[in-house]
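This report refers to the structure that appears directly beneath it.
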Number of protein chains: 2
Amino acid sequence: MKIGELATASATPVETIRYYEREGLLPQPTRTASNYRVYEEQHLERLQFIRNCRGLQMSLDEVRELLRYKDEPAQDCAETVDKLLEAHIGHVALRIQELRGLEAQLIALRDRCRGTQDVEHCGILAGLAETPAAPAVKQHLHVR
Amino acid sequence: MKIGELATASATPVETIRYYEREGLLPQPTRTASNYRVYEEQHLERLQFIRNCRGLQMSLDEVRELLRYKDEPAQDCAETVDKLLEAHIGHVALRIQELRGLEAQLIALRDRCRGTQDVEHCGILAGLAETPAAPAVKQHLHVR
DNA sequence: TAAAAACCCTGTAGTAACTACAATGTCAAG
DNA sequence: CTTGACATTGTAGTTACTACAGGGTTTTTA
């Protein structure tokens with residue numbers, strides 16, 4: 001299987017596959033005489049695993065950890081895997097909470113606009129300029 | 001007001017303020033003889049506006065656009081501002097939907113693990129390896 | 001008054017997870 | 001035998017910052 005085929009089989013851009021290889025998530029495949037990458041079924045499976053994890057919004061570091069457990073299972077693996085997943089679920093739930101608050105604020109802001117025409121008196125811009133009123137999501141601006 | 005004061009007044013890291021200046025979001029302030037930036041009240045207001053928008057998860061490009069309307073109000077401004085906000089609300093709502101689906105999948109995955117001990121048969125890793133079963137968030141992996 | 005601490009400056013590089021070239025090489029079809 | 005699709009490496013761009021390094025200045029403190 002050449003890289004293009006693997007790409008379509010896994011719905012992953014070619015460049016991303018090469019990126020995963022550079023990052024050590026995918027093992028280096030064998031090469032043809034002309035230096036083309038040649039993949040086996042195993043590669044496809046591993047790539048699909050990665051993509052599934054990514055689809056679940058895990059970071060590449062988390063994926064790396066899971067792959068490590070797949071590659072060399074130890075006795076306390078299951079527990080650790082479970083923990084990782086548990087933590088991830090927590091993050092997602094928190095993010096949903098934050099976005100809900102955000103949505104409410106945005107809707108409130110939008111509704112301030114209804115009824116004004118000119119920008120000078122537009123409630124939206126005024127609302128965004130307010131200092132304490134709409135301190136928005138106060139926490140770390142830095143969520144994903 | 002020196003940059004440090006502006007930073008504490010706006011709860012924004014100093015480096016971020018300089019970054020906004022480089023990006024053209026904040027106008028270049030005057031300087032002291034020793035080349036220190038000197039800010040006025042206006043700067044603080046503008047920075048607060050930016051931070052509020054960012055707190056609402058708007059991109060800097062969106063903020064830039066809003067600032068443009070603040071700076072030079074035209075006749076059809078209010079409408080455009082409204083549209084921008086409307087679109088933004090849509091994005092947030094969509095993202096919440098996606099995360100909800102995600103959460104459900106993660107929980108289902110976690111529950112597959114209950115009852116197994118060793119990694120070889122751990123339902124979580126097996127679930128993540130499956131091809132069609134948990135295609136996760138199928139769409140663009142690339143949401144924020 | 002002098003030294004130390006706290007602040008400021010510019011410029012560059014790093015972050016995550018890709019994406020997008022540029023410049024080149026290879027292979028299959030017509 | 002040429003055209004087009006595919007492959008290669010390497011580098012730079014994306015977003016919104018963050019973190020230095022290597023300097024200068026100002027304020028505080030002893």
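Throughout, protein chains are lettered first and strands after them, A, B, ... in sequence-line order, and every chain is numbered starting at 1. For clarity, every value in this text was computed on a predicted model and none was experimentally measured.
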Closest nucleotide among dA16(D), dC8(C), dA7(D) to the Lys2(B) side chain: dC8(C)
If we ignore angles and hydrogens, is there a donor and acceptor under 3.5 Å between the side chains of Arg51(B) and Tyr20(B)? yes
Salt bridge check: are Glu21(B) and Arg18(B) linked by an N-O gap of less than 4.0 Å? no
Between dT26(C), dC9(C), dT8(D), which nucleotide gets closest to the side-chain atoms of Asn35(B)? dC9(C)
Here's a test of your reading of the structure: between Glu5(A) and Arg22(A), which maps to the more 5' nucleotide of DNA chain D? Glu5(A)
Under a 4.5 Å cut-off applied to non-hydrogen side-chain atoms, are Arg37(A) and Asn35(A) in contact? no
Any idea which of dT10(C), dT26(D), dG25(C) is nearest the Tyr36(B) side chain? dT26(D)
Residue whose nearest DNA chain D nucleotide is more 5′ - Gly4(A) or Glu15(A): Gly4(A)
Take the protein atom CG of Leu47(B) and the nucleotide atom P of dC17(D), then report the distance between them rounded to whole Å. 11 Å
From the list dT18(D), dT9(D), dA17(C), which nucleotide is the closest neighbour of the side chain of Arg31(A)? dT9(D)
Select one nucleotide: of dC9(C), dT26(C), dT8(D), the one nearest the side-chain heavy atoms of Ile3(B). dC9(C)
Phosphate OP1/OP2 of dT18(D) contacted by Thr16(B) side-chain N/O (<4.0 Å): yes
Enclosure of Gln42(B) CD (heavy-atom neighbours >12, cutoff 6.0 Å): no
